[in-house]
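Before any comments, here is the structure.
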There are 2 protein chains.
Amino acid sequence: MPRPRSLTRPGIAAAALAVIDRAGLAALTMRSVAGELGVATMSLYRYVADREELEALVVEHVLAGVDLSVPPGDWRDQVTVLLERVREAVCEHRHVVPLLVRHRHAVPASLSWIEAMLTVLDGAGFTGRRRVLAQRTLVSFVIGVLQNEYHGPLAGAGTAAMAELSTADFPLLAETAAQARGVSAEEEFHEGLRIVLRGLG
Amino acid sequence: MPRPRSLTRPGIAAAALAVIDRAGLAALTMRSVAGELGVATMSLYRYVADREELEALVVEHVLAGVDLSVPPGDWRDQVTVLLERVREAVCEHRHVVPLLVRHRHAVPASLSWIEAMLTVLDGAGFTGRRRVLAQRTLVSFVIGVLQNEYHGPLAGAGTAAMAELSTADFPLLAETAAQARGVSAEEEFHEGLRIVLRGLG
DNA sequence: CTCTGTAGGCGTACGTTGTACATCTACGTC
DNA sequence: GACGTAGATGTACAACGTACGCCTACAGAG
């Protein structure tokens, strides 16, 4: 008998993501999302408990698009594919990086992704505590890389500023920062992952 | 001739840190820090440009206490010591983790720490792009680990909830989460670091 | 000791945010 | 066509960062 709903949670997530993509994370407010949807601010509270839940909804929406199938072959390639897909999904909406870090624990799509990772590791012979540590280390790495790329990209102003530092105070930093400007985000990610995988193997 | 200042930037940083340690990151406001110091809110703006700068000040204060000397011996042990010290400093004030991630690029103590790391890597024979990638991978790892420990500790409620998940939907996740509850934060950190170092070697 | 210029300290006020609360409204069902 | 229910909304408030301008305390000159 009741009045039917006029919004959906995925629709709200998409609207929030549109706001973030267009105007950055700081522009994400309950008012801006409601405006994007053409409804009153308080209408959102019929679908999410609070702002926290809206943010989690955005993360779920981004992660939901990640393909969890893996190709046959070496487990290293399988892990690489799963990490690459997350990175790709996040890079299409780079401003969600801080949200991903804060909310990935509360998001179903994240659990499914972890299950996929564990399946690969299990197939590679990782069991018990070794599997726990392999999984956590890989997750730590990918979270760290995404944070690094977001807050301090090698091609960005921060690195450029370091390259201009006094070589008397920071001899290696200045030199290394100059080198770093020629390293792409993709190279940083893949080479870092190769290092971690070698350590696991 | 002017009126002498009654506060110092380190003093403000210490007050902010005290607020954070006592009441959490959400309690960090310009008003609460001013209250901690016994001055009016607007007085802080004679010392910091805005809230951003106050947050950076807190990160600087935490990182400034990190010993940058390294023991003679294997470079792996030297890297381990430098990472351990950062982790130790941050863990004493665990609520600064999000601030560390956001502001470490704008903080002098962070630059000195990076220089120390690069010196170790240089001594180990890392040069050029290889040194860039080694440095960035180690930083990504430590940032990721700290984030992981902060937002989703293995001993915390999130892991416990995963362990209770349906084994039909998440067979490996449920089992692995149960295992994970017995892994300490120290073990996670050290074993993860061992993996990365092995990959670098 | 008095005077004064300067910069620090602070009171007030404004725009923005998240969201509690009460009210209004539109629709499936009878 | 009437009704009950749950969705949609308007209003309002507390807390936040901070712009602005006034007041005040002190070092140095006289």
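Residue numbers start from 1 in every chain, and the chains themselves are labelled A, B, ... in the order their sequence lines are given, proteins ahead of strands.
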Between CD of A:Glu52 and P of C:dG18 the distance, given in whole Å, is 12 Å

Separation of C:dT16 atom P from A:Arg51 atom CZ, nearest Å, is 16 Å

task: Look at the aromatic rings of A:His95 and A:Tyr150 and report parallel, tilted or perpendicular, splitting at 30° and 60°.
output: perpendicular

- Could you go through the side-chain hydrogen bond (donor to acceptor under 3.5 Å, both in side chains) check for A:Thr176 and B:Arg131 one step at a time? CA-CA 7 Å; A:Thr176 309; B:Arg131 195 204 292 149; 2.8 Å; yes

Each nucleotide of nucleotides 22-30 of chain D classed B (base within 4.0 Å of a protein heavy atom), S (only sugar-phosphate) or -, in 5' to 3' order, makes --BBBB---

Whole-Å distance, A:Tyr45 OH to D:dT11 P, equals 18 Å

Rounded to whole Å, CG of B:Leu44 lies from P of C:dG11 at a distance of 13 Å

The correct set of residues in residues 26-37 of chain B placing a heavy atom under 4.0 Å from DNA chain C is none

When rounded to whole Å, the CE to P distance for the pair A:Met42 and C:dA20 reads 7 Å

Looking only at C:dG9, D:dA8, C:dG11, the nucleotide nearest the A:Tyr47 side chain is D:dA8

Heavy atoms of B:Cys91 and B:Glu149 approach each other most closely as SG-OE1, 4.1 Å

Whole-Å distance, A:Arg5 CZ to C:dA26 P, equals 18 Å

Closest heavy-atom pair, A:Leu44 versus A:Met30, reported as atoms and distance to 0.1 Å, is CD1-O, 3.3 Å

NZ/NE/NH1/NH2 to OD/OE distance under 4.0 Å, B:Glu84 and B:Arg87 | no

Next on the checklist: Check this for me: does any side-chain nitrogen of one of A:Glu191 and B:Arg129 sit under 4.0 Å from a carboxylate oxygen of the other?
Outcome noted: no

Per atom distances to the A:Ser6 side chain, the nearest of C:dG18, D:dG10, D:dA8 is D:dA8

Looking only at heavy atoms, the pair that brings A:Ala178 and A:Ala163 closest together is N-CB, 3.9 Å

**Request:** Would you tell me whether A:Thr29 and A:Ser32 have side-chain atoms, one donor and one acceptor, within less than 3.5 Å of each other?
**Result:** yes

Does the plane of the ring in B:Phe126 sit parallel, tilted or perpendicular to the ring in B:Trp75? Use 30° and 60° as the thresholds. perpendicular

Of D:dT9, C:dC10, D:dG17, the nucleotide closest to the side chain of A:Ala40 is D:dT9

A:Ile12 CD1 to D:dA8 C1', in whole Å, measures 12 Å

